[in-house]
Amino acid sequence: MRQRSERTTDTAEPLDRADPVDSATEVFVAHRNLLFTVAYEMLGSAVDAEDVLQETWLRWVGVDPATVREQRAYLVRIATRQALDRLRALNRRKESYVGPWLPEPLLTTPDVAEDVELADSVSVAMLLVLETLQPIERAVFVLREVFDLAYEEIAEAVDKTTAAVRQIAYRARAHVAARQPRGVVSPAETRAALGAFQRAVETGDLQCLLDILAPDVVALSDGGGIKHALLRPIVGVGKVARLLAAGWWKRDAERSVELVQINGGPGLLVRVNGEIDGVVAVRVENGCITGAYHVRNPEKLSRVERETAVSR
């Protein structure tokens, strides 16, 4: 009589054989916060950064692990290429944007402020400076100055020679240095200036505003054509102070203001009748506010309802 074979066609795979998709997922999740931060600093948009992550994952899961020497660098390279494509499309959308365009604010965890370089790199003020760079310059600056990638790795990510990347990095550093605040501003100094700003605006005290605003202060607000906002920048202490004192802060609504961590530094979360209405971030130099940034576009406020992790 023929012996029955103990093997069957649905025999399970050996337990020690890892699922390639599971392994790819584990690596991707371990680097997810880093990849989000890379994309966000290149785009200034959390929504678009999340789309970049999705595209990065779809490409990563199809990669043969045996061909990858260094997982972090490989993933950053994929994310950078996807972010560059999206940045060019985003720049075209900004051409028809109603009023000033401001970065999408993030409610960040308190530990971000402890990493001074990371906090500065994701600040609204710095993201606005990065907006003045060309896409390739922005990618090279972010990868080199924030994430400390080697020039050779950056060259692969942006499809340039190493020599060209060095030149781009030099040009981008000089461009940013000419536009960023001089010296390091502590969170305590920013909180003090922001607190004085809040009290002056709430009371309509023109003199207090004149005291806390720098002579060349710039006020920007972003309503995206959905909410009432300034349609152009307001420049100069006199104009900005009068604007704020005259009712930039509506006094006929049930309004509450909370001091929170926005993009790695102190900011104000504004609620009207219990609903999030906007976010205020400031740029501070020498104890005075040189930039006031008010985001009211509801399409940009989903990331201030919960904390977003950023890392490098």
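The basis for the numbers below is simple: all heavy atoms, side chains too, and nothing from hydrogens, waters or symmetry mates. From a predicted model like this one, the values you see are computed outputs, not experimental measurements.
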| Would you call E50 and R303 a salt bridge, using N to O less than 4.0 angstrom? | yes
| field | Any donor-acceptor N/O pair, D222 side chain to W101 backbone, under 3.5 Å | value | no
| said: Using a 3.5 Å distance criterion without hydrogens, assess whether the side chain of E104 forms a donor-acceptor pair with backbone atoms of V47. | reply: yes
| note | To the nearest 0.5 Å, atom CG of L53 lies from atom CG of D48 at 12.0 Å
Less than 3.5 Å apart, which donor and acceptor atoms pair up between the side chains of residues 60-67 and the rest of the protein, not counting sequence neighbours?
residue: W60; atom: NE1; partner: A24; partner atom: O; Å: 3.0
residue: D64; atom: OD1; partner: A66; partner atom: N; Å: 3.1
residue: T67; atom: OG1; partner: D64; partner atom: O; Å: 2.6

| field | T108 (side chain) donor-acceptor with G264 (main chain) under 3.5 angstrom | value | yes
| Are the side chain of R88 and the backbone N or O of P135 linked by a donor-acceptor pair below 3.5 Å? | no
| Cation-aromatic face contact R77/Y74, 6.0 Å, 45 degrees | yes
| said: Please check this pair: side chain of Q134 against backbone of E137, looking for a donor-acceptor N/O pair closer than 3.5 Å. | reply: no
| task | Using a cut-off of 6.0 Å, state whether more than 12 heavy atoms not belonging to N91 lie near its atom CG. | result | yes
| Is K94 reaching over with its side chain to a backbone N or O of A89, donor-acceptor style, under 3.5 angstrom? | no
| task | Mark yes or no for whether Q54, through its side chain, and D51, through its backbone, hold a donor-acceptor pair below 3.5 Å. | result | no
| message | Between D159 and R81 (salt bridge meaning N to carboxylate O under 4.0 Å), is one present in this structure? | response | no
| Any side-chain heavy atom of V76 within less than 4.5 Å of one from L34? | yes
| remark: Hits for ring-ring contact (aromatic ring centres under 6.0 Å, His included) against F28, two or more places apart or cross-chain, chain-then-number order -> W57
| message | Taking the six-membered ring of Y151 as reference, does the cationic atom of R144 (NZ for Lys, CZ for Arg) lie under 6.0 Å from its centre and within 45° of its axis? | response | yes
| query | For H228, does its backbone N or O pair with a side-chain atom of R296 as donor and acceptor, under 3.5 Å? | reply | yes
| message | What I'd like to find out is whether the side chain of L143 reaches to under 4.5 Å of the side chain of I154, using heavy atoms alone. | response | yes
| message | Using a strict threshold of under 4.0 Å (side-chain N to carboxylate O), is an ion pair present between R93 and E95? | response | no
| Taking atom types as modelled, is there a side-chain donor on D111 or T109 under 3.5 Å from an acceptor on the other? | yes
| Are any non-hydrogen side-chain atoms of L107 and R306 less than 4.5 angstrom apart? | no
| E117, CD: over 12 other non-hydrogen atoms inside 6.0 angstrom | no
| field | Side-chain heavy atoms of V142 within contact of S121, under 4.5 Å | value | no
| field | Salt bridge flag under 4.0 Å for residues E202 and R255 | value | no
| field | Side-chain donor-acceptor contact under 3.5 Å, Y97 with N297 | value | yes
| said: I'd like to know if the side chain of N263 and the backbone of V122 have a donor-acceptor N/O pair within less than 3.5 Å. | reply: yes
| said: Donor-acceptor pair, distance only, cut-off 3.5 Å: does the side chain of S221 make one with the backbone of L230? | reply: yes
| said: Please determine whether a side-chain nitrogen of the Lys or Arg among E41 and R138 lies less than 4.0 Å from a carboxylate oxygen of the Asp or Glu. | reply: no
| Linking Ile, Leu, Val, Met, Phe, Trp and Tyr through side-chain heavy atoms less than 4.5 Å apart, which residues share a cluster with L231? | V98
| How far apart are the C-alpha atoms of S256 and R271, what are their side-chain angles, what is the distance that settles it, and do they pass the side chain to side chain donor-acceptor pair (under 3.5 Å) test? | CA-CA 5 Å; S256 65; R271 288 185 172 86; 5.3 Å; no
| Any side-chain heavy atom of H175 within less than 4.5 Å of one from L133? | yes
